[in-house]
Amino acid sequence: MSLDLSYLGITATKEIYRNLPVATLTEKALARGEGTLSNTGALVVKTGKYTGRSANDKFIVDTPAVHDEIAWGKVNRPIDKATYDAIYSKVVAYLQNREIFVFDGFAGADEKYMQRFRIVNELASQNLFIHQLLRRPTEADLVDFKPDFTIIAAPGFKCIPEIDGTRSEAAILVNYEEKMVVICGSQYAGEIKKSVFSVMNYILPKMGVFPMHCSANIGHDGDSAVFFGLSGTGKTTLSADPNRKLIGDDEHGWADDSVFNFEGGCYAKCINLSAEKEPDIYNAIKFGALVENVVMDPDTREFDFDDASLAENSRVGYPVEFINNAELSGKSQSVPKTVIFLTADAYGVLPPISKLDKNQAMYYFVSGFTSKLAGTEIGITSPVPTFSTCFGEPFLPLDPSVYANMLAEKVEKSGANVYLVNTGWNGTGKRMKLAYTRAMITAALNGSLENAEFVTDPYFGLAVPTTCEGVPSELMIPANTWEDKAAYEAKAKELAKSFVENFKKYTHMSPEVVAAGPKAE
């Protein structure tokens, strides 16, 4: 289905392909030398020097219409309109005499809040990715399709910083006023996906919907749960529960009567992937999936998921239908009963699970503590403790208070239980076993955890259960996992102090919320 893109300034192209089928996109990508097939039929590509998000290369176009809305700072960096226009002109000129791949689709499973996206790709493989990641239209949907937002991805166009006013050859330029995103210099497909998320985080609060960087699933009795957390903390893995239906693995909206997925697919980490530990993800790597930066034997075409020589942040994108127990409607019929904050604590002092009261929920949501894992962003080669506001700071264009207040309002109205779950390390120096984390989350979801005896963590003030079925009791209390108690106390105090120092920047928070955090001494 051809399309005229001259209204975007894209002219004199070889061919414009619109919403090609998966098989055709795969064939095109192979014919163009963009990738190879694995023994499972998945398309495998290497993304070059950019194997994760290039966070420092993202800019928002500073125009009068949006200037007072954006929370400007180290995350939301401004770029002037003239600089953006100059780069835009070069990108559309670069696309001349090339094949162009367009995907028209949707973000948002709830039609009341759904947004129409047009994705314009230089690469067939990236078009395959976004075809599988967004919500796919019917033929009837395409007849009168008019995009609410457009994203142009041209990884082959390299910026010249001295001329183009960028930081590097890569740039992600978000123009909220013109409803346009330009991505150039990076082949990492996650930049397209997260650009959609950033747009939804700007639009939905104006519609009374709380946008969330979370996964979500639903139980047999219709109870839904959401899992907040940054990349690598287990959102995808833990929400793919054989006893519950997956709504989605990364981006959702919390409306007055439902939780709904923004996407129609999943984007899972592949490092150390195994059929035993993560069967749903493992089995989803088949024809129709796009695999990024996973080492593959050139003869047998078998994957080596343990080999991180190409990237720690190896990934696979696939449609949610590839998960056996997915909720294909992409939404629940009820608001969440359980809210879980996932963190990967590299200090080894946070409890593996703890229950939060209302003020603690606000505190730990706004803090967004975790450890950035190797490969998730350019330059991150080992776990680094960090704070990411609302568990999604890189994708939040508005002031954090907007999202924090929406969480408080939604949780209070729904009566949901809130838990902090540490999928990271403890005093043994080892990361918590996935089976143990699953057992704790199951106990939180079915209510059995409420029957345990709870004690108060001396440094973080959290209510910590002393027992949980399926988990060795000695792992429930962090101090018990440390042989050197003095070292534990020092690390706990160090992390508690980091929380306190970080929270000082949130001057809008109430004294009750501030008091709900850790104690520096």
Side-chain angles (χ1 to χ4, degrees), residues 1 3 5 8 10 16-29 32 34-35 42-45 47 50 52-53 58 91 95 98-109 114-138 141-142 145 147-157 172-174 179-200 236 248-251 261-268 284 287-293 315-322 330 395:
M1 185 182 298
L3 189 68
L5 297 179
L8 293 173
I10 299 175
I16 296 175
Y17 302 103
R18 184 191 191 199
N19 286 63
L20 289 180
V22 167
T24 308
L25 284 170
T26 303
E27 289 174 349
K28 288 282 187 184
R32 290 157 53 92
E34 295 177 21
L43 180 63
V44 185
V45 301
T47 65
Y50 292 95
R53 287 186 302 102
K58 178 183 175 183
V91 169
L95 293 175
R98 299 179 188 275
E99 291 183 309
I100 304 297
F101 301 88
V102 175
F103 175 72
D104 286 340
F106 308 113
M114 180 181 69
Q115 299 296 303
R116 297 170 179 81
F117 279 83
R118 170 162 290 164
I119 314 297
V120 179
N121 293 112
E122 172 190 359
L123 299 179
S125 53
Q126 283 198 323
N127 198 248
L128 170 66
F129 169 83
I130 204 63
H131 177 286
Q132 303 292 52
L133 261 290
L134 287 188
R135 302 193 65 79
R136 293 161 286 282
T138 64
D141 291 329
L142 294 175
F145 188 94
D148 298 308
F149 234 93
T150 300
I151 298 175
I152 300 175
F157 177 83
I172 301 91
L173 311 176
V174 184
K179 299 185 176 182
M180 181 77 63
V181 180
V182 176
I183 301 170
C184 48
S186 172
Q187 192 180 329
Y188 178 63
E191 296 286 15
I192 306 173
K193 165 188 160 67
K194 290 305 185 185
S195 292
V196 173
F197 188 39
S198 296
V199 169
M200 297 297 278
T236 300
D249 80 326
D250 195 44
E251 302 168 6
N261 193 0
F262 293 170
E263 302 177 304
C266 303
Y267 193 40
F287 181 77
L290 179 77
V291 177
E292 292 180 320
N293 305 314
R315 293 272 182 169
V316 58
Y318 51 87
V320 73
E321 293 94 317
F322 282 14
F395 323 114

Rounded to the nearest 0.5 Å, how far apart are [atom1] of [X] and [atom2] of [Y]?
X    : Y    : atom1 : atom2 : result
R315 : T47  : CZ    : OG1   : 11.5 Å
F101 : I119 : CZ    : CD1   : 15.0 Å
S125 : K28  : OG    : NZ    : 13.5 Å
Q115 : F262 : CD    : CZ    : 9.5 Å
L5   : L95  : CG    : CG    : 9.5 Å
N127 : R18  : CG    : CZ    : 12.0 Å

By salt bridge (charged side-chain N to carboxylate O under 4.0 Å, His left out), which residues pair with [X], not counting sequence neighbours?
X    : value
K179 : none
E292 : none
E27  : none
D249 : none

Counting only N and O atoms by type, is there a donor-acceptor contact under 3.5 Å from the side chain of [X] to the main-chain atoms of [Y]?
X    : Y    : value
D141 : T138 : yes
E34  : A124 : yes
Q126 : Q187 : yes

Measure across [X] and [Y] and return the closest heavy-atom pair with its distance rounded to 0.1 Å.
X    : Y    : value
G105 : P137 : CA-CD, 4.1 Å
G317 : L133 : CA-CD2, 3.9 Å
I100 : V120 : CG2-CG1, 3.5 Å
L25  : L20  : CD1-O, 3.6 Å
L134 : F106 : CB-O, 3.7 Å
S186 : E191 : OG-CG, 4.0 Å

Check your understanding: Do K193 and E251 sit within salt-bridge range, that is, some charged N less than 4.0 Å from a carboxylate O?
Key ->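 Judged by the 4.0 Å cut-off on N to carboxylate O distance, K193 and E251 do form a salt bridge.
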
Point to revise | Partners passing ring-ring contact (aromatic ring centres under 6.0 Å, His included) against F117 (at least two apart in sequence or in another chain) | key: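 In terms of ring-ring contact (aromatic ring centres under 6.0 Å, His included), with neighbours along the sequence ignored, F117 is linked to no residue.
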
Practice item. Output all residues satisfying ring-ring contact (aromatic ring centres under 6.0 Å, His included) with F322, sequence neighbours left out; order by chain, then residue number. Key: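 Expected list: none.
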
Review point. Hey, which of V181, L173, V182 is the one that makes side-chain contact (heavy atoms from CB on, under 4.5 Å) with S195?
Key: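 It is V181; the other options fail the test.
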
Point to revise | Residue from R136, E263, R135 passing side-chain contact (heavy atoms from CB on, under 4.5 Å) with P319 | key: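 Answer after filtering R136, E263, R135: R136.
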
**Study point:** From D104, T150, D148, residue fulfilling side chain to side chain donor-acceptor pair (under 3.5 Å) relative to R118
**Key:**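 The residue from D104, T150, D148 that satisfies side chain to side chain donor-acceptor pair (under 3.5 Å) with R118 turns out to be D104.
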
Exercise for review: Using the side chain to side chain contact (heavy atoms under 4.5 Å, CB included) rule, take D250 and K194 through it: C-alpha gap first, then chi angles, then the decisive distance, then the call.
Suggested key: CA-CA 10 Å; D250 195 44; K194 290 305 185 185; 2.6 Å; yes

Exercise for review: Classify the angle between the aromatic ring planes of Y267 and F129 as parallel (below 30°), tilted (30 to 60°) or perpendicular (above 60°).
Suggested key: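 Y267 and F129: perpendicular rings.
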
Review point. Do the side chains of I10 and I152 get nearer than 4.5 Å, heavy atoms only?
Key: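 When only atoms from C-beta onward are counted, I10 and I152 do touch, with a gap below 4.5 Å.
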
